[in-house]
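Worth saying up front: this structure is predicted, and the values here are computed from it rather than measured. Order of the sequence lines fixes the chain letters, A, B, ..., with proteins taken first and strands second; residue numbering starts at 1 for each chain.
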Amino acid sequence: MKPNEIIDLENNTSYLLLLDNKIDNENYFLAVRLEKDDTPTQDYIVLKEINENNESYIQKVNDPFILSKLITEYYLDLEEDFT
Amino acid sequence: MNTNLENIKNSISSKLEEIQNNSKTTVWGQIVLANDHKTVLKSDLEKYNALLRMQEIINSNSEDLKTNHEFQDLAKIAGISLKEEKREIETNSNNAKINYESKQINAKLEEIVEYAKSSTRGQFSLANDHNSVLKSDLERYNALLRMQEIVNNNYKNQKSKYEYQELAELTGVKLYSEEIEKEKQKQINQNIKEELNNVNNRINTIIKESQKANKYQPITIINNKPILLDYSREYKVLIAMQSYLENNFANMKKDFDYMDLRIQTELGQMPDEKYFALIGKEKVLNKQVSSKLPTSTKNEEIKLDNNSKKQVEGKSPTPSVIELPSTLENENKLEEKSNNYFSFNIVPEKGVTKNNPEPSVSNAQKSEENTHNFSSQPASSIIELPSKNEYNTRPENMVNSSLAINNKDAQSAPSVIELPSKNEYNTKQENAIYSLSQNLNSHHSENYLATRPFTINLDEPPVEEPKIKVVARRACKWISKHKKQILIAVGVSLLMASLIIALQALIPAITSMLQATEVANLSAAMINNGALWGDAIASEQVALHAANTSLASAIETMTGTKALYDVQTGIWTFGGTELTKFATAMGANAANAISQVGAISKGLLTTGIVGLGLTGIGSALKNKSSEYKSYLQEIKNLENNTYNFPDGMADQAHELINDIRMNSNLNKDEKDRLIRKIKESIKNAYNKLNYVEDALEEGVNR
């Protein structure tokens, strides 16, 4: 998975991956949920990518400390890469 | 006269003789006149006079007995063994009490008389026993006489409940019970010392374990110490236990408060006997006796009512050895709770179910929850440990609920320091992340946030989210750099606003200095979002405004400053100050704060809490060195210069990475970040090249 990709999940939801980051060799993505017509909602989450048996899974990240670290990075990305 | 009495008489005579001989043979020591005008050693006087009195009673066939127990009492003083029924029912403690107090009373009486005799000046008065004493000693002397009378009557002839005690205070006679208490207290102090050692050892173990934490093990800060999240709850409980111990349990409201805490720690449950010895209470009470006793006890002096007197008459009525809780109600509760503790497997907090509406906090915790102002806590601060039920566990829909600022609640919240309400935090972290900004509506002063203790429940491990299979991946065709920028800005703002609150709840050590940094970050983010507004389409503008509303809500919560949005001008104000000015002021505060962050921030950096919650994005960004920015530019150039790809680029990247690693002006996070960017640049360059090659190939094939 990589940024600018839309992932469709088994539970019939779709997310647009906005930014990625790696902590301890785990891939994390800042993602926004999309409506059926791919319009972005305001439902933002951080997802962890899990690869098992050649299949991809995602898991919502709850740990506030990991989130804190990631959001800091995303914030810096925003500042450094988009301005 | 029976044989026994004859033996007693003989005993008395021989003892009298012995004392007289003793006074004659002793080379030194104070000699005084006894009641029979014979000289005896002062130390033997009491005993001698008692023997004389016993002799007198026997000779008068007990007709002039002052009290029922006079003979027995005198025998005790004289050291004569009486083989009578009554003797058997006297308790040792009563004897000891009478001995102890009588000796003092007599010694003091004698001292006053002797002093009067030796005084050549001063006004003299006749005491109640017709002895001449100094007028200044008269009151005390008469009080001693009255005490003597009470003691001789086995404490039964007191005019009021506390007469004897009041007299003792006046005369300086130490009550036997006080001595007992001292001894007991000595033992209790020893127990407390040992327990304190146990607690301190456990605290030190936790601190040491926490110091070994790796970068990504969650850490929280308690009392300026980084503590592993796994241990944080136990650590706080231990600190609360420490507080009880250091205060000799004076601050403990209920007998089992300490036990409630102890069982939540590695130290575990304490045997009941040991526990009661530790807190200095009697566990088993004689219900039959105690229930007859009045509930109010002053200095363990207990007067029996008539019924009780009848029931215990003939037995030692001396109350000093009986310890009672302040009320019988408490006693019952004590026993009831005792049964709970020792008969059932009660697990406070964790055992709570939905059917139990009350949080299973300890009584002390519960009462403190309602009444305590944290500013009044001792330095070590008793830490509230709310149970699971104190937090809202209902799922929240992330976005819509987090957009609106619930000012109604915020305005109605008191400005004084208060405990968070039950619904202020969610136990599920997913909920905490997305809905805290909604739930944390109350206005708290900056001081509150700076000083408030850890209040979030941490004993529930983070909820493991289910894995969801990715069934399809596709490229997003519509996203431009600008759109992506807005989406990221909105997303980061929303997540940041809620996460800062979550982190503040998790990390009590956040100082006002760091808060200033965070407020500066939040207001800066609002300005950034505002800057994106102009080029945004309508839906994006709505999103940006929602993000700013969320950020404003976080600022409101942190500072207590009222946030207002003027729909006509599109300007946010905080406490009447425009956002831009407010952000500038906050930035200045933050700059000052960053320079003072010191150990806390460094500690957090090393322990991996590099979040916006504490170290501050602002500090990360605003303090970026020119070297960092220079490297950043080099990396951008690297990505764009694909003409020497792949070998030249790899060499250049390798050189750059080494250079960054060796640079002592960059901190670890900056280095990690720059190196990650280099890798991403290479990847991007590779993708670009592949894209070009694919396009070329496609063109050729076409």
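Scanning all heavy atoms of the two residues, the minimum distance from Y44(A) to L494(B) falls at CD1-CD1, 3.8 Å. Contact record, A543(B) with Q42(A): CA-NE2, 2.7 Å, taken as the closest heavy-atom pair. The two residues P466(B) and Q59(A) come nearest to each other via the heavy atoms O-CG, 4.0 Å.
Between K22(A) and D672(B) there is no salt bridge, since no side-chain nitrogen of the basic residue lies less than 4.0 Å from a carboxylate oxygen of the acidic one. Note on R676(B) versus D20(A): no salt bridge recorded, every NZ/NE/NH1/NH2 to OD/OE distance being 4.0 Å or above. Contact check on R474(B) versus E5(A) returns no salt bridge, with no Lys/Arg side-chain nitrogen under 4.0 Å from an Asp/Glu carboxylate oxygen.
Contacts between T39(A) and chain B at a heavy-atom distance below 4.5 Å are absent for every atom of the residue. Looking at K483(B), neither its backbone nor its side chain comes within 4.5 Å of chain A, counting heavy atoms on both sides. Neither the backbone nor the side chain of L17(A) comes within less than 4.5 Å of any heavy atom of chain B. Interface remark: A525(B) contributes backbone and side-chain atoms alike to the contact with chain A (heavy atom separation under 4.5 Å). Within the 4.5 angstrom heavy-atom criterion, only side-chain atoms of E52(A), from C-beta onward, approach chain B. In this structure, the portion of L16(A) lying under 4.5 Å from any heavy atom of chain B is its side chain and not its backbone.
The residue among L34(A), V32(A), D38(A) with the most heavy atom pairs within less than 4.5 Å of chain B is D38(A). When each of L47(A), N21(A), N11(A) is checked for heavy-atom pairs under 4.5 Å with chain B, N21(A) comes out on top. Contact count versus chain B (heavy atoms, under 4.5 Å) is highest, among K48(A), E10(A), K2(A), for E10(A).
Between M1(A) and V470(B) the shortest side-chain heavy-atom distance falls below 4.5 Å.
Note that the SG atom of C476(B) and the CD1 atom of I6(A) stand 4.0 Å from one another [nearest 0.5 Å]. The line from CD1 of I468(B) to CG of D8(A) is 12.5 Å long, rounded to the nearest 0.5 Å. Note that the CG atom of L30(A) and the CD1 atom of I488(B) stand 6.5 Å from one another [nearest 0.5 Å]. Rounded to the nearest 0.5 Å, atoms CG (L495(B)) and CD1 (I71(A)) are 4.5 Å apart. Between the CZ atom of R673(B) and the CG atom of L76(A) there is a distance of 4.5 Å, given to the nearest 0.5 Å. Distance check: D77(A) CG to Q485(B) CD gives 12.5 Å after rounding to the nearest 0.5 Å.
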Inset, instruction - Begin from the C-alpha positions of K469(B) and L9(A) and carry the test side chain to side chain contact (heavy atoms under 4.5 Å, CB included) through to its verdict. - result: CA-CA 6 Å; K469(B) 195 176 176 183; L9(A) 305 179; over 6 Å; no
Legend entry - side chain to side chain contact (heavy atoms under 4.5 Å, CB included) evaluation trace for I58(A) with K467(B): CA-CA 6 Å; I58(A) 60 97; K467(B) 286 185 296 186; over 6 Å; no
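Surrounding CG of N54(A) are at most 12 heavy atoms belonging to other residues, nucleotides or ligands under 6.0 Å away.
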